[in-house]
There are 2 protein chains.
Amino acid sequence: MTATDDLIDRLPEPPEALARATSQAERVADMLRAFVIDGALSPGTRLSEERLSRKYGVSRNTLREAFRLLSRERLLVHQMHRGVFVNRPTSDDVRDLFSARRSLELPAVRGARGAPEDAVSAVGAAVAEGEAAREVGDWWRMGTANMHFHQALAGLAGSPRIDEFMSQVLAETRLVFHVMNAPEQFHAPYLDWNRRIHLRIAERDPDTAAVELSRYLDTSEEQLVTAFTAMERATGDA
Amino acid sequence: MTATDDLIDRLPEPPEALARATSQAERVADMLRAFVIDGALSPGTRLSEERLSRKYGVSRNTLREAFRLLSRERLLVHQMHRGVFVNRPTSDDVRDLFSARRSLELPAVRGARGAPEDAVSAVGAAVAEGEAAREVGDWWRMGTANMHFHQALAGLAGSPRIDEFMSQVLAETRLVFHVMNAPEQFHAPYLDWNRRIHLRIAERDPDTAAVELSRYLDTSEEQLVTAFTAMERATGDA
DNA sequence: ATCGTGGGATTGTTGAACAATACTTCAATC
DNA sequence: GATTGAAGTATTGTTCAACAATCCCACGAT
């Protein structure tokens, strides 16, 4: 044990980026995930192995590995001998997604008194992002900002696993907006609500914030479900 | 639209079992998942593609699809050019797992007043299962029963997504018991506690139940973390 | 003890092949 | 006209073999 060793031990932890290069399957999965989330691939679309593998220059086997990753995230659904499709959520799914969000967001907000400062400011940043987007009338970015807001709320819990589950739930929620054609306008009226919630958290009054959030989720769910079921009837059930 | 059509429309929904046969990759994943959960494969073990594919008569490609599924569940970890290993949780993971459980179990229990009867009785069944196992001194089955108990608690929320996340969390928790060699004895003293919690739920007093559960989680986490960190120091950190 | 330097083993990825299954088309039947 | 049956076609499911890229280990040199 020399002096050099001591210095080395004190060195900062290895940055995440230094992890060994990602596999092709993961990169393809990342790309497809982005396509699904921002609607380049709409719900119900079938992903042809042959065409995708040719288009992106990867083998079918590699592509299938990516498919497996994404079906575990519920973004794709695998049907035996029929292929993989972009998941098309039903109104039951919408209800369940909100149910899951209640479990994730409300406890996180209620326990926000002890949350670290940067977790709180992340919430504020998401609100600001949304307001900036409203400024220029960018509906799409408003939706993204709203997702960030709720991701930040869940992040108050400080748990990596909850963060990850939350982002899956939000990604799937985004699919809901894609099945209906009325994409992001739903978020517009909620911006001021978000601002209020953030204020309560910032002034360390988490219980009031939780009450507000709970109301938010209720009305948001109701609005979505009714719009969704109306659309389900219109488009034909099956 | 004839009379026959009416009759057909009235037929019960297709049973789940009728879903198209599962793929080989999923079956292999199921098998490996079971191996990991009940310790036939212990944390840190590397899963050789060549040996596994030969042993179970599947191609390396199919095996890799199964690997992708299981690494999304955090049961396996994929290291580029090194292979897949059975996940070996750290003490940080233990803390995070309990954090996640708090978010899942406590809200479910608090909202248990409106839970359907069979969801409540599932909790009771898990308690009974644990007591039966204690009767015969079957420690392993006691651990399983305890997992079922907490799965049933989360099930009170009535959300498929929460159920699924919970089972992943519990599966990973089981890995924690495998890294330490003291497998399931940890569960023994908690059986009476479980019984009490179930009683509170059954008599529709969810708030008291939640308080009890919260205390349970606190002490259980503390005991596990201390035992775990002690072991980490003993076995060598890295 | 540390540092290079092969050599061997394992994974990463591809391409082709074939079987199994689903979909489509079209003719035959009621 | 709608339904059934029977090809034929397209796509997925799975395997195999090959090769490149990378890691790991052991050996020898400093």
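Below, chain A is the first sequence line, B the second, and so on; all start at residue 1. Basis for what follows: all heavy atoms, side chains included, without hydrogens, waters or symmetry-related copies.
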Q) Could you go step by step and tell me if B/Ser159 and A/Arg102 meet the side chain to side chain donor-acceptor pair (under 3.5 Å) rule? A) CA-CA 11 Å; B/Ser159 159; A/Arg102 267 181 262 272; over 6 Å; no

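Taking atom CD of residue B/Gln24 and atom P of nucleotide C/dA19, one finds them 17 Å apart after rounding to whole Å. Between the C1' atom of C/dG12 and the CZ atom of A/Arg27 lies a distance of 10 Å, rounded to the nearest Å. Distance A/Arg64 CZ to C/dG12 P: 18 Å, rounded to the nearest Å. Straight-line distance from the CG atom of B/Leu69 to the C1' atom of D/dG13: 15 Å, rounded to whole Å. A/Phe85 places its CZ atom 11 Å from the C1' atom of D/dT11, with the value rounded to the nearest Å. Rounding to whole angstrom units, NE2 of residue A/His81 and P of C/dA20 are separated by 9 Å. Atom CG in B/Leu63 sits roughly 11 Å away from atom P in C/dG12 (whole-Å rounding). Whole-Å rounding puts the A/Leu52 CG to D/dT11 P distance at 13 Å.
Of the candidate nucleotides C/dT13, D/dG13, D/dT15, C/dT13 has the atom lying nearest to any side-chain atom of A/Ser59. The side chain of A/Arg46 lies closest to D/dT11 when the candidates are C/dT13, D/dT14, D/dT11. In this structure, the nucleotide among C/dT13, C/dT10, C/dT21 sitting nearest to the side chain of B/Arg60 is C/dT13. Side-chain atoms of A/Asn61 lie closest to C/dG15 of the nucleotides D/dT12, C/dT13, C/dG15.
In this model, the phosphate group of D/dT12 is not approached by any side-chain N or O of A/His78 to a distance below 4.0 Å at OP1 or OP2. The side chain of A/Gln79 places no N or O atom within less than 4.0 Å of a non-bridging phosphate oxygen (OP1 or OP2) of C/dA22.
Using a 4.0 Å heavy-atom criterion, one finds that B/Arg51 contacts no nucleic acid atom at all. A/Arg54 comes within contact range of no nucleotide atom at all, as no heavy-atom separation falls under 4.0 Å.
With respect to the salt-bridge test (charged N to carboxylate O, under 4.0 angstrom), the residues B/Asp38 and B/Arg33 do not qualify. Between A/Arg161 and B/Glu172 there is a salt bridge, since at least one side-chain N of the basic residue sits less than 4.0 Å from a carboxylate O of the acidic one.
Between A/Arg74 and B/Glu164, the closest side-chain pair of non-hydrogen atoms falls below 4.5 Å.
Taking for each of A/Met80 and A/Thr62 the nucleotide of DNA chain C with the nearest heavy atom, the 5'-most of the two is the partner of A/Thr62.
When each of A/Leu32, A/Leu76, A/Val179, A/Val77 is checked for a side-chain contact (heavy atoms from CB on, under 4.5 Å) with A/Val86, only A/Leu76 meets the rule.
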